[in-house]
Amino acid sequence: MNRFLAVLFCAVLGGCGGQQSILNPQGPEAHNLTALFWCFTAILAVVWIVTMLALGASLLRRSQAPQIVAARWVGAAAVVTGLILLVLTGLSYATQRVLYHSSPGGELVIRVTGHQWWWEARYENDDPSQVFTTANELHIPTGRPIEIKLTTADVIHSFWVPGLFGKMDLINGIENAIRFSASEAGILRGQCAEFCGYQHAHMALTVVAEPPEAFEAWRSGQLAPARAVSARGEQVFLSNPCASCHTIRGSGAGGRVGPDLTHLFSRNHLASGTLAMTRGALAAWIVDPQSIKPGAKMPAVALRPTDIHPLLDYLEGLR
Amino acid sequence: MRLVPVVLAMLAFLLPGCEREERAFRPPPGRETSTSTAEYEDRAQDVSTGKQLFSWFNCNGCHANGGGDSGPALIDDKWIYGSSADAIAATIREGRPRGMPSFKNKATEEQIRQLAAYVRSLAGQVSSDTAPGRNDDMRPHPPESRLPASAPVGDAKARVQP
């Protein structure tokens, strides 16, 4: 029995750290939320322990005190309960006021659009030549306020990177926004937090927080058009159905249905956090996406066997 | 017992929960060539995917909703190259003179069959329980599932729905 309990306890421990946990805050807003979480947990733990002690005491020694005394105790407990509720509500309200403050200006604005089942990210800028689109992986500079504008292309999704902020829904026809910043460099994982269909569980996103210089280097890399390392692979991409759904800037492929692949291999994951970005995983995904992510909009394209390796060479060069 | 018919009637309400159709995420190799295009019309999933592809591939750019800007309208029963699902699939796959491009290398065979099934539903040729339901945005005509089988050409009155 004890061993069983120990194993159960270990399973719970998994929630304590790692890339996707509210207990591992990576920015001031997330710290606020974690502080609120511990505040609630501590107060409610004290309430629970006091309640249990009172219950135990009353069971152990049946007091002969007159009823009026008992009624006073109950009345006092009810008043304290009400006060605690008021305090918790106040704490929650105060935290929300800090979290959902209006924009001070100067944020890095990223427009995130939810799709079944992947994330489109558009880095906005007043200068149109500095705008670019990527997918499933956000890079953010540390120390700078970030604004994420959220909208959806189909059903309701929810943007949730627990290390940075709470959940916010992506709703059709409405633009929601959240603002936060990351204080430390690191790789965080986020996930869609609103059931959105068959592959909801495979709709993750990666957030890479990095020092401003590294971010600028990444940004100028993303702004550049794709480099075709294999002319034959590019031709395979363009002459097959790939090009009608995907964009590769600089190649002529301009489909807007699937994720932008201009710098595909610069990302850590494939198919919205489903697979690690390796040549083998990419080959498996292209040849038979429906066995990896059933229901995803990517169809199995009948490629000639001799076309697959040139295509992989080309895609691997998109860094 | 008076209760028995009531309970039976209530149980009957559960019947709609029965599986209507099976969705094959990963068709067996060669399904595209071995199955007839008409079979796609029997699966609501395929017809609805065809509807999604119809706007994704910008078919509505030429065959606009009910109007037809540079291509013919697809909501009547006037078919230049035949109304069968296979004929429509061939039109999409190979293209036709005077503007219709070939989608042979732009869409998979599966997608072409799904598009053909949807095009037939536009003209009310697909059973109403598989044709797509209403849109999220406003449309000038009823959803495909409520379209009547298209009226003879020229008889515009029969086609207009209040």
Side-chain angles (χ1 to χ4, degrees), chain A residues 113 115-118 120 151-156 170-174 197-199 202 234-247 251-259 271 274 284-305 307 311, chain B residues 19-35 37 40 43-62 89 92-95 100-118 132-138:
Chain A
T113 308
H115 295 261
Q116 282 177 320
W117 292 275
W118 59 281
E120 177 185 347
T151 180
T152 175
D154 34 57
V155 300
I156 298 179
L170 288 72
I171 297 169
N172 213 316
I174 294 180
Y198 202 76
Q199 288 297 336
H202 283 149
E234 185 179 42
Q235 190 219 328
V236 170
F237 190 91
L238 293 177
S239 57
N240 276 291
C242 322
S244 54
C245 291
H246 293 288
T247 294
S251 76
R256 299 288 304 276
V257 172
T274 310
W285 174 249
I286 293 169
V287 170
D288 191 4
Q290 295 298 321
S291 73
I292 294 169
K293 206 169 166 177
K297 303 289 189 277
M298 168 108 166
V301 174
L303 289 172
R304 277 178 305 182
D307 282 347
L311 178 63
Chain B
E19 194 171 40
R20 187 173 69 163
E21 65 179 43
E22 201 169 327
R23 184 177 172 194
F25 288 118
R26 191 176 170 234
R31 169 184 160 189
E32 317 82 54
T33 45
S34 65
T35 348
T37 311
Y40 283 72
R43 287 184 292 265
Q45 180 67 44
D46 283 335
V47 184
S48 294
T49 305
K51 179 172 183 168
Q52 206 168 29
L53 296 170
F54 194 80
S55 60
W56 278 1
F57 290 159
N58 201 25
C59 307
N60 55 339
C62 294
I92 299 169
R93 190 183 307 116
E94 308 297 344
M100 175 73 191
S102 157
F103 281 82
K104 191 194 277 169
N105 292 326
K106 299 196 181 80
T108 63
E109 188 58 31
E110 183 99 24
Q111 290 174 325
I112 289 173
R113 310 271 178 130
Q114 289 166 336
L115 274 167
Y118 173 64
R134 70 173 181 84
N135 277 22
D136 286 338
D137 45 19
M138 295 220 288

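Heavy atoms only: backbone and side chains are in, while hydrogens, waters and symmetry mates are out. Chain identifiers are assigned alphabetically (A, B, ...) following the order of the sequence lines, protein sequences preceding nucleic acid strands; residue numbering begins at 1 within each chain.
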message: What part of B/Q45 gets within 4.5 angstrom of chain A, counting heavy atoms only: side chain, backbone, both, or neither?
response: neither
message: Quick check on A/S239 against chain B: is it the side chain, the backbone, both or neither that has a heavy atom closer than 4.5 Å?
response: backbone
- prompt: How far apart are the closest heavy atoms of B/Q111 and A/P299, and which atoms are they?
  reply: NE2-CG, 3.4 Å
field: Inter-residue atom distance B/K106.NZ - A/C242.SG, 0.5 Å rounding
entry: 13.0 Å
query: salt bridge (charged side-chain N to carboxylate O under 4.0 Å, His left out): which pairs involve residues 47-59 of chain B, sequence neighbours left out?
result: B/K51-B/E144
- request: Below 4.5 Å from any heavy atom of chain B, which atoms of A/V301 appear? Answer side chain, backbone, both or neither.
  value: both
query: Could you give the distance from CD (B/Q52) to CD (A/Q116), rounded to the nearest 0.5 Å?
result: 7.5 Å
message: At a 4.5 Å cut-off on heavy atoms, which part of A/A300 comes close to chain B: side chain, backbone, both, or neither?
response: backbone
statement: Distance col, row A/C245:SG vs B/W56:CH2, nearest 0.5 angstrom, shows 7.0 Å
query: Between A/L238, A/N172, A/D288, which has the largest tally of heavy atom pairs under 4.5 Å with chain B?
result: A/D288
